[in-house]
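All of these numbers come straight from a predicted model, not from anything done at the bench. Labels below follow one simple rule: chain letters A, B, ... track the order of the sequence lines, proteins then strands, and each chain is numbered from 1.
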Amino acid sequence: MLTRGFYPSTYRGGERSLHPFRELQQIQDEMDRLFHRAYPRATEYPPLNIWSNEEETIVQAELPGYSPDEIDISVVQNTLTLRGERKPDALQQGDTYHRRERRTGRFVRTVELPFEVDNSAVEAESKVGILSIRLPRAEEHKPKKIQVKAS
Amino acid sequence: MANDNQDLQTRSAENQAVQSPERTRQRPVFSPPADVFETGDKIVIVADMPGVSEKDVDITLEKNILTLSGKTESPGREGYRLSYGEYDEGDYERSFALSEGVDRNGIQAAVRNGVLRVTLPKAKEAAARKIPVRAE
């Protein structure tokens, strides 16, 4: 087994790991996470985190100060659109701002997913300023396991 | 619509609160964006803390330093992979030096949809303690 030495340690020997690529994927995920920690990528509003598995995807958005009825969600095929508006505090005459950092106004954000969504099963929940949208994959867009037959 | 988005700002690395001394929890700490306004005999502080519920908020007033802190917990996402990430989950902390006397017993706080709202009534004595300056 001379070739063994050419591979990095995670590859080496099937006896150590039956899923070398899974390990690599984990390293990749870890790197992404670290990279993201140092350089947040959010340039659009609201910032999103997207969690997925083979069955569904959960899109989470930080939307503090919006009540559930102030957020409009629509899903068409593989496109998710979020809309909303946050109004400023209604100040009386004579009231003064010492500082004003929280942004107000309207937003629209569109996310294109790599699969079609089963529209009838979409669920959304808004909790403590975080919106979570559960988007199940349409049945025909779920990954299929292909059985390898021994001949 | 695109212009509307420019008015809205997302949390950035600069908003990470400087922590000294360090915390025991290894978790990012953000300085939440806040509005402060004066209305009648009250000062109102409004801070965005997504992920924080009413039981996770801690408000302390020591001398004239008001500290707002909020803790968050990351929900377990067993079986899911973060396929795209734009925001970090973390705690919040921010302190303000209050310039006017505040009635400590009258401080009220509420959390709704991840927004903390603290109402600080101005102390009556503070108003009386004002020293008029005469022109000579």
Is it the side chain or the backbone of B:R77 that comes within 4.5 Å of chain A heavy atoms, both, or neither? side chain
Under a 4.5 Å heavy-atom cutoff, which of A:S126, A:S67, A:G94, A:P88 has the most pairs with chain B? A:S67
Which one wins on heavy-atom pair count under 4.5 Å against chain A: B:V46, B:D56, B:D48? B:D48
Measuring from atom OG of A:S52 to atom CZ of A:R137, what distance do you get when rounded to the nearest 0.5 angstrom? 7.5 Å
Cut-off 4.5 Å, heavy atoms of chain B, and the answer for A:E55 is neither
Within the 3.5 Å criterion, strictly below it, is a donor on A:T79 or A:E112 matched to an acceptor on the partner's side chain? no
Under a 3.5 Å distance rule, please check whether B:D91 uses its side chain to pair with a backbone N or O of B:T72 as donor and acceptor. yes
Worked check of ring pair (Phe, Tyr, Trp, His ring centres under 6.0 Å) between B:F30 and B:Y87: CA-CA 11 Å; B:F30 299 105; B:Y87 69 86; 9.1 Å; no
